[in-house]
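Worksheet: the structure to be examined is printed underneath.
What you see below is based on every heavy atom in this structure, not just the backbone, and it leaves out hydrogens, waters and symmetry mates. For this chain, numbers begin at 1 and follow the sequence in order.
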Amino acid sequence: MADDGRRGEEDQRGPGAAHQVFVVMECLLEKLKVLNYEEEVLAKHNMKTLSRHYFVSSPYLASNPGEQFYMFTIIAAWLINVAGRPFVEPQEYDEPNATLSNILAELRAFGVKVDFPPSKLKSGSGEYVCLVLDRLAEEALRRRGFSFRRPNYPTETTEEESVIEDDAELTLSKVEEEMVDEADDDEENVMDLETLKLRTTVSAAEPSSKPDEILESTVDAAEWSLEVERVLPQLKVTIRTDNKDWRIHVDQMHQHRDGIKSSLKEAKSYLDRLQEDIGKSLEKVSSREKYINNQLEHLIQDYRTAQAKLSEARERYQQASGGVMERTRVLAEISEELDKVKQEMEEKGSSMSDGAPVVRIKQSLTKLKQEIVQMDVRIGVVQHTLLQAKLKEKSNMTRDMHATNIPEPAAGSFM
């Protein structure tokens, strides 16, 4: 999946995106040479000079991830210090993730946008390693006041162009423009038929201006030849070659076609030979495969028989294991019920053999008897009190009755 995503990104960026890292690495090496890294870094750490594609990750280049990662951290730390920011030089046994995080933090401090994780730099090579070092090198060059300027290319002139003056040269475009102007003049000078007839009649009416004798040249032939030689260079038409001209493209196509044909003739023999070698190798492989199959036919048959027996044994095992699981479940239920019955029996046995309930009953009877005695005493006290109250009430009634029974003589004397 990661390879498909990387291939899709390269297709979006263009067919040359995979080779852009080689260009970046070469530019980086030139910038390091300008910063004098050979004396300030390599000589100090006793390291060898970097190759043109040292930090490029490619299956066609030899790589040493440990050495490349250490070289990357050393050069990055040196560039950060040269750019004006203090940075401690990493050691060989430092934590790689912490070192990479610090380098990316310094890179962000310079205003560079970092949109990739630090794990992309762990291999010590690849596109992101070259990108980080290139940005740090640019900051270091800017700190030292160095800048690359465009080269000034000298103008190249051929011998013919140096002999002939520029004013006398006519390019193909000028010739075409003059031809267009002449055509325009011709169109402007065209007259209609009526005007032409009118002029013809007027010219017929006027006296003829034709010479009566044959014209003869009075110019000397030698002077005419000298004048022709003098004017001849000015009449020379020089056509400049234009890279956008389709004729040049056609010539280049023919040259490339011839080169392809010649290369094809050379490569075809090698390809035919390679095809023959591959065909022979395939025949040998197929014959060897048939021989091995014939030799191992009985072993393969035994293996198939053993495989069938193994599948049957597995089926029987699965059936038996299913019955065992069912019986195990029933046994677990029976064991649970047995544990419950044992617990109930233990509770009943302990209650039957224990004398504590009898002691409690005796204590309760004794306490009940004491309470009965106390209750009898209270009842007797209450009965005695009630009896006294009744006797007292009876004596009061008797006294009242005697008081109300007055003798009759006493009553008559009052009459």
Side-chain angles (χ1 to χ4, degrees), residues 2-83 87 89-92 94 96-97 99-104 106-107 110 112-144 146-151 263 267:
D3 293 340
D4 295 340
R6 192 180 300 109
R7 192 177 300 109
E9 292 178 359
E10 291 178 358
D11 293 341
Q12 292 177 359
R13 292 185 298 174
H19 307 284
Q20 183 64 25
V21 65
F22 292 89
V23 180
V24 175
M25 180 60 204
E26 292 181 2
C27 295
L28 170 63
L29 189 59
E30 297 298 329
K31 294 174 184 178
L32 293 177
K33 289 180 180 178
V34 172
L35 292 170
N36 196 16
Y37 86 107
E38 296 176 348
E39 295 182 1
E40 298 184 11
V41 179
L42 300 183
K44 179 180 177 181
H45 295 86
N46 194 17
M47 296 179 176
K48 61 181 181 180
T49 307
L50 300 182
S51 61
R52 290 177 57 192
H53 305 142
Y54 183 78
F55 288 113
V56 176
S57 178
S58 175
Y60 304 103
L61 298 174
S63 62
N64 188 353
E67 179 185 348
Q68 288 174 331
F69 179 77
Y70 181 66
M71 181 71 76
F72 162 69
T73 54
I74 292 296
I75 294 178
W78 173 69
L79 289 174
I80 293 171
N81 290 321
V82 172
F87 192 84
E89 184 177 297
Q91 301 298 324
E92 188 175 358
D94 289 351
N97 293 326
T99 304
L100 295 176
S101 300
N102 295 333
I103 292 174
L104 293 181
E106 296 294 335
L107 189 62
F110 287 121
V112 180
K113 184 180 179 181
V114 179
D115 55 355
F116 56 88
S119 59
K120 296 287 186 180
L121 307 175
K122 269 192 174 182
S123 61
S125 61
E127 178 182 0
Y128 297 103
V129 172
C130 296
L131 177 63
V132 170
L133 292 178
D134 186 64
R135 294 293 184 272
L136 293 176
E138 288 180 359
E139 296 295 332
L141 290 173
R142 188 178 295 110
R143 177 74 176 180
R144 291 190 176 182
F146 181 86
S147 62
F148 289 98
R149 291 178 294 182
R150 291 183 177 275
S263 301

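In this structure, Val41 and Leu32 have side chains that are not in contact, with every pair of non-hydrogen atoms separated by 4.5 Å or more. A 4.5 Å side-chain heavy-atom check between Leu29 and Phe55 finds every atom pair outside the cut-off. Val24 has its side chain out of reach of Phe22: every pair of non-hydrogen atoms, C-beta onward, lies at least 4.5 Å apart. No side-chain heavy atom of Arg142 sits under 4.5 Å from any side-chain heavy atom of Phe110. Counting only heavy atoms from C-beta outward, the side chains of Val129 and Phe69 never approach each other to under 4.5 Å. A heavy-atom distance below 4.5 Å is found between the side chains of Val132 and Phe116. With a 4.5 Å cut-off on side-chain heavy atoms, Glu89 and Ile74 count as touching. A 4.5 Å side-chain heavy-atom check between Leu50 and Ile75 finds at least one atom pair inside the cut-off.
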Point to revise | Test side-chain contact (heavy atoms from CB on, under 4.5 Å) applied to His45 and Trp78, step by step | key: CA-CA 12 Å; His45 295 86; Trp78 173 69; over 6 Å; no
Review point. Does the pair Met25 and Leu28 meet the rule for a side-chain contact (heavy atoms from CB on, under 4.5 Å), with working shown?
Key: CA-CA 5 Å; Met25 180 60 204; Leu28 170 63; 4.1 Å; yes
Practice item. Would you sort out whether Leu100 and Lys122 count as a side-chain contact (heavy atoms from CB on, under 4.5 Å), showing the intermediate values? Key: CA-CA 8 Å; Leu100 295 176; Lys122 269 192 174 182; 3.8 Å; yes
**Study point:** Chi angles and distances behind the side-chain contact (heavy atoms from CB on, under 4.5 Å) call for Val21, Tyr128
**Key:** CA-CA 9 Å; Val21 65; Tyr128 297 103; over 6 Å; no
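Taken from CG in Leu141 to CG in Leu136, the straight-line distance is 11.0 Å, to the nearest 0.5 Å. Interatomic distance, Phe87 CZ to Thr73 OG1, rounded to the nearest 0.5 Å: 8.5 Å. The CG atom of Asn81 sits 9.0 Å away from the CD atom of Glu106 when rounded to the nearest 0.5 Å. Annotation: the span from Asn46 atom CG to Lys44 atom NZ amounts to 13.0 Å, rounded to 0.5 Å. One distance of note links CG of Asn64 with CE of Met71; it measures 10.5 Å at 0.5 Å rounding.
Each of Lys33, Glu39, Glu38 was checked for a side-chain hydrogen bond (donor to acceptor under 3.5 Å, both in side chains) with Asn36, and the lone residue meeting it is Glu39.
With Gln68 contributing its side chain and Tyr54 its backbone, the two residues share a donor-acceptor pair below 3.5 Å.
Summarising the local packing, CG of Asp115 is surrounded by more than 12 heavy atoms from other residues, nucleotides or ligands at distances under 6.0 Å.
Nearest heavy-atom pair across Ala76 and Ile103 is CB-CD1, 3.9 Å. The two residues Lys48 and Glu67 have their closest heavy-atom pair at CE-OE2, 3.5 Å. Taking both residues in full, the closest heavy atoms of Leu79 and Ala137 are given as CD1-N, 3.9 Å, listed atom of the first, atom of the second, then distance. The shortest non-hydrogen separation linking Ser101 to Pro118 is OG-CG, 4.3 Å.
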